[in-house]
Amino acid sequence: MTTIARTDTSLVGHWWWTVDRWLMVMIGLLIFVGGVMTLSASPAVAERIGFDTYHFVIRQLVFLPAGIMLMLGVSLLSPRSVCYLALLVMGGAIVLMVATLVIGMDVKGATRWIRFGSFALQPSEFVKPGFAVIAAWLFSRRRLDDRFPGYLLATGLFMLIAALLVLQPDIGMALVVSAVWAVQFFLAGLPMVLVFGLGFVFLGGSVSAYFMFDHVQVRIDRFFDPSLSEGYQVKRALEALQNGGLFGRGPGEGSVKEVLPDAHADFIFAVAAEEFGLIVCLALVLLFACIVLRGLSRAYRGGDLFVLVAVAGLMVQFALQAIINMASTLNMMPPKGMTLPFISYGGSSTIAIALGMGMVLALTRALPVDGNLGTPLGRRPL
Amino acid sequence: MKQTANNFSATRIQLEGVRKQAIEMGRRRLLVTGVFIMAAFMAISLRLVDLMVVDSNELARIDRGFKAIQAPVSRASIVDRNGVIIAISLPTASLYSDPALIQDPHEAARRLAQILPELDRQEIYRKITLDKRFVWLKRNLSPDQHYRINALGEPGFGFKHEERRVYPQGPLMAHVIGLTDTDGKGTAGVEKYFNSILDENVASLRLSLDVRVQSLVRQALIDTMTEFKAIGAAAVVMDVSTGEVLSLVSLPDFDPNTPGLASPDAIFNRVTKGVYEMGSTFKLFTAAMALDTGAVQLDDGYDASEPIQVARYTISDYHGKNRWLSIPEILVYSSNIGSAKMALDVGGERQQSYLNDFGLMDPAEIELPEIGKPLLPRPWREISTMTVSFGHGIAVSPLQLTNGVAALVNGGMFHPPTILRQVTGATVPGVRVIDQATSNSMRGLMRLVVEYGTGKNAETAGYMVGGKTGTSDKLVNGAYSNDKRIASFVAAFPMDKPRYVVFVLVDEPVGIKRTFNYATGGWVAAPTAQKIIASMGPLLGITPRVVVASNENKKPTRKTFMRDLERALEVR
């Protein structure tokens, strides 16, 4: 590796000494695992649906490097530029989400995609990192200045996005955005009364949804008594887990990818479990946990509320996607269409997650030691 | 100016305070958030360990809804007496559909029709769009079909792991084995009789039959049936000392692997279910009971010069000698008149009692569901006693006749018939029905029939075959037919110490040139028995006897009969 002098004040030199290299290494490792898993899981799916064997592999091997480049590029940005970028991405995504309602492709009963040539874009993936940063800015600004209507703006923005997601419908994504909004609100000083109030609203809403909406009731009932369900994918996934055992059947030796329609995407964790076994799966969970912990600890150590809330929002989004995906595969919750960050196949998902991680890297750069308020934001308040 | 500066400073300090307070609260709450997230990752890790390593009931819980379509327990194999597999269950997959999960029925039907060209695409489409949650599409897929359908990845297609019953011997054992339906349940033969035992037991069921013997018997019988253009044929080989059936062939037969192609006539078991008027083979029973009761001695005889007139019946001889006949001559020349007179001396009561002892009055008790009930004269008049003595007016199954003759030659013990292999060396339960001396006499008499009489065509060098022919006209619409008959031959060998009884029955043979247009037991069934004995003797390790003297072209007299008989019994 090229050595860069501490005194190098060029853009790259400054970046190298300020960026969180541990976080970069761990994300790099995750991307590597994702590449391996795509090679293992996707050819079976591609052959089954009549594509070229390496259709998904080739595409994902374009998406992953593109994601790395994007992440590194974004990590070079200053917090202010990150905010502008987030605003741009979120605005664009919202416009495209409105467009999907009109011209989107219908895939499996939901309109989430817009086709550009041979590439289908899922704008809702991009709205998440954008919203996390913009909401963080609105919340932290309000926290420091009572006159600024940040809470109101952030909540309004959240409701707009949530409504668009519910219309698609994409309940899983709406859940993630809700969680990001709630956690950020919590971090930005939501009074404890309201924390409990929101908790009760959420609880009451869930219970009344169960009794008011038949399809919610059916889904919950099915989860608690899977014999009622058509849990085809979940059943196959559980079989795969049992096949895997401690050390797995070996790379490429799994059979679940032959029968799972979403083996390369939402159910890739089952393929990993079958082929690589428990130890590798636990290592993967640990890797996700470490990335999240690392990001949160960088946010904790920094002295800026905006950075803390923004990084926490992005990390919660990242963690929640991983948790929901794995918990669905493990039948710990009703299945939600959710990708496993960097591991599942998917262009929009991969690029959007890379964008989010790039923002984390950029925001956690050059954090001053505790107590020093001379952050870039402090010097140049937005 | 100073004031402003102070104000500014105160605002700034105030702002710094808010900032510090806010960041501290943010940090505390971030810790809480982090703890929750880590708890979730921890829960996932524990769940992984639970599912992947610890034996969990999760799948069983999931599977509960699928219980109704779970695979049956493995059905036991059936093997012959030497362990050769006759029936075995192989695991296969059957395809069903859950129409509610089919995403694109047109596409699914199109693709499935490509893999299973025997299914109609429209029909598949109809089935997978039914408002049901379970519909069979195809039972017992080949492994390749299973793989290819699985690779379609259609969630609406599922597989039930079943077993397919395979009969490697094809039609060879058809009537013994019987049939199983598509659900693996026995519907005929051993498969039905032992249905629940086969389902419960893991060990295989060992039959007394021998596929080698069965094969040569079946081939000999097919040849005969073809040669004489018969409509059916039956054969049994029985071990005289155990009642074990070594071979049971009923023609025409069927392949149990493709039960759908079998006609009712082919499925009909002529050996156990069919009952026939056997004709002259019954004279053996008459002679045995007459000797055993002491009604006659071997050198006694009857005048057979005149037919017997009883009411409107006339009993005459087919091979009439029109003179006094000794007991051996009555059998050798198959005299109806002599038999009838013998039976009258025994008496109707005792006749029925003996026939009952020989197992001819009640349905045979063998481990098969297809058992024919014998047809008996009711009431049993004097004329019945006379006609039954030569096998008319009574119909029994080939199995019953074989079993009865086995008791005559094995020393006088009746052993119930069985198709299950008996333990070697163990004493098989039996009932004494005639004396050892009577049995010895019967051995000699049957040997004479083959040496000098109607059974000559069954003579097999070295195997001391004894036997009796039988020919009877078939009842067609209540009247005896002139040209439709049953030709049969019952043989035992070797007669100095009989081990096996071989019975051959041919249904409606047509005489041919070689047999001078005769289609009698002696011309049709006896040569078949000869073929069977000539092949199975060496196969079962029976040492051929030294041939003492040839009786070719010898004019038999009463004296030579007795001499030859004694000699036959002395030779060991």
Side-chain angles (χ1 to χ4, degrees), chain A residues 44-45 47-49 108 140 143-144 183 186-189 225-235 238-239 241-242 244-246 258-261 273 277-278 281-282 285-286 288-289 292-293 296-297 299-300 303-305 308-309 312 315-316 319-320 322-323 326-327 330-332 373 378, chain B residues 15-16 18-56 58-67 98 100-101 103 107 111 133 147 149-159:
Chain A
V45 179
E47 281 183 11
R48 190 172 60 228
I49 62 183
K108 296 178 190 171
S140 55
R143 185 75 169 94
L144 301 178
V183 167
F186 173 64
L187 295 175
D225 186 0
S227 64
L228 298 172
S229 76
E230 53 258 74
Y232 174 85
Q233 301 220 53
V234 171
K235 188 169 134 65
L238 288 176
E239 280 175 4
L241 289 168
Q242 289 199 334
L246 205 53
E258 309 284 350
V259 296
L260 275 185
L278 174 69
C281 281
L282 288 178
V285 175
L286 187 68
F288 275 115
V292 173
L293 265 188
L296 292 183
S297 79
Y300 183 91
D304 191 89
L305 188 63
L308 187 145
V309 176
M315 275 306 170
V316 163
L320 221 57
I323 289 166
M326 293 190 284
L330 299 177
N331 199 33
M332 296 166 81
L373 298 180
Chain B
L15 190 63
E16 288 301 312
V18 171
R19 202 186 282 277
K20 208 164 175 110
Q21 198 193 345
I23 197 91
E24 282 311 316
M25 184 191 265
R27 282 176 176 170
R28 279 198 308 276
R29 292 188 171 188
L30 189 62
L31 278 179
V32 176
T33 311
V35 166
F36 270 104
I37 292 175
M38 288 309 127
F41 278 122
M42 187 57 77
I44 284 172
S45 302
L46 290 175
R47 177 73 171 171
L48 268 173
V49 174
D50 177 45
L51 278 179
M52 294 180 73
V53 180
V54 182
D55 185 30
S56 125
E58 190 64 20
L59 263 181
R61 196 168 80 97
I62 294 276
D63 262 338
R64 209 161 48 202
F66 297 82
K67 267 284 142 52
D98 178 349
L101 295 187
Q103 298 184 339
E107 181 66 6
R111 289 184 162 191
R133 295 304 303 270
Y147 175 83
I149 296 169
N150 199 24
L152 290 180
E154 170 59 61
F157 291 157
F159 300 97

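Each chain gets a letter, A, B and so on, in the order its sequence line appears, and its residues count up from 1.
- Here the closest non-hydrogen pair linking L296(A) and G34(B) is CD1-CA, 3.8 Å.
- Of the two parts of A188(A), neither the backbone nor the side chain holds a non-hydrogen atom closer than 4.5 Å to a non-hydrogen atom of chain B.
- For the pair L144(A) and A22(B), the tightest heavy-atom approach, listed with the atom from each and the gap, is CD2-CB, 4.4 Å.
- With hydrogens and angles disregarded, a donor-acceptor distance shorter than 3.5 Å links the side chain of R47(B) to the backbone of L330(A).
- Note on M52(B), R28(B), M42(B), Q21(B): by heavy-atom pairs under 4.5 Å with chain A, the leading option is M52(B).
- With sequence neighbours excluded, the residues satisfying salt bridge (charged side-chain N to carboxylate O under 4.0 Å, His left out) with R111(B) are E107(B).
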>> Evaluate F41(B) against V292(A) for side chain to side chain contact (heavy atoms under 4.5 Å, CB included), listing each step before the verdict.
In response: CA-CA 10 Å; F41(B) 278 122; V292(A) 173; 4.1 Å; yes
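- Using a 4.5 Å cut-off between heavy atoms, L293(A) touches chain B through backbone and side chain atoms alike.
- Once rounded to the nearest 0.5 Å, the distance linking CG of L320(A) with CD1 of I37(B) reads 7.5 Å.
- When all heavy atoms are compared, the tightest approach of A327(A) to I44(B) is N-CD1, 4.3 Å.
- Taken from CZ in F186(A) to CE in M25(B), the straight-line distance is 9.0 Å, to the nearest 0.5 Å.
- In this structure L246(A) satisfies the side chain to side chain contact (heavy atoms under 4.5 Å, CB included) test together with L278(A), I279(A), V53(B), sequence neighbours excluded.
- Separation of atoms CG (L30(B)) and CE (M315(A)) is listed at 11.0 Å; rounding is to 0.5 Å.
- Remark: L51(B) CG to N331(A) CG distance equals 8.0 Å, nearest 0.5 Å.
- Of the two parts of V183(A), only the side chain, counted from C-beta on, holds a non-hydrogen atom closer than 4.5 Å to a non-hydrogen atom of chain B.
- At a 4.5 Å heavy-atom cutoff, the contact between L152(B) and chain A is made by backbone atoms alone.
- One distance of note links CG of L187(A) with CZ of R27(B); it measures 12.5 Å at 0.5 Å rounding.
- Expressed to the nearest 0.5 Å, how far CG of L305(A) lies from CZ of R19(B) amounts to 9.0 Å.
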